[in-house]
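In what follows, residues are counted from 1 in the order of the sequence shown.
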Amino acid sequence: MENTLNLYSNYLEEPKNVDLDYTLAVVVRINRYLTTNLVVQTIYDDNAFNGFQTRQIFGLAANYGF
């Protein structure tokens, strides 16, 4: 599991408005051949859009070694 939080501020114009970018990534090994990952990202940008933007990604991978 990996958590990433980035905070941004324009300190020249309005330093009290903080934009955030939060990402949660979880990678799970199911068995020897299958791996799954889940990524959730939340973005809040005061200048572009008043509200939270989210995206979710689910992946399933098959691994085979030679």
Closest non-hydrogen contact found for Leu24 with Asn3 is CD1-OD1, 3.0 Å
Between Arg29 and Arg32 the two heavy atoms that sit nearest each other are NH2-CA, 3.6 Å
OH (Tyr44) and CG (Asp21) are apart, to the nearest 0.5 Å, by 14.0 Å
Verify the cluster assignment for Val28 and Val39: are they in a single hydrophobic cluster under the rule of side-chain heavy atoms below 4.5 Å apart? no
Has Phe58 got more than 12 heavy atoms of other residues, nucleotides or ligands less than 6.0 Å from its CZ? yes
With Val18 as partner, the option from Leu7, Asp46, Asn10 fulfilling side chain to side chain contact (heavy atoms under 4.5 Å, CB included) is Leu7
### Message
Whether the side chain of Ser9 engages the backbone of Pro15 through a donor-acceptor N/O pair (distance < 3.5 Å, no angle test) should be reported.
### Response
yes
Requested in this report: Could you check Val40 against Thr54 for side-chain contact (heavy atoms from CB on, under 4.5 Å), going step by step and ending with a plain yes or no?
Outcome: CA-CA 7 Å; Val40 177; Thr54 60; 5.7 Å; no
query = Are Val26 and Leu34 in one and the same hydrophobic cluster, where Ile, Leu, Val, Met, Phe, Trp and Tyr link if side-chain heavy atoms are under 4.5 Å apart?
reply = no
Rounded to the nearest 0.5 Å, the CG atom of Leu20 sits from the OH atom of Tyr8 at a distance of 10.0 Å
ask   = So, Asp45 side chain and Asp19 main chain: donor-acceptor pair closer than 3.5 Å or not?
value = no
Q. Should Ile30 and Leu60 count as side-chain neighbours, where that means a heavy-atom distance under 4.5 Å?
A. yes
Distance col, row Thr4:OG1 vs Gln41:CD, nearest 0.5 angstrom, shows 9.5 Å
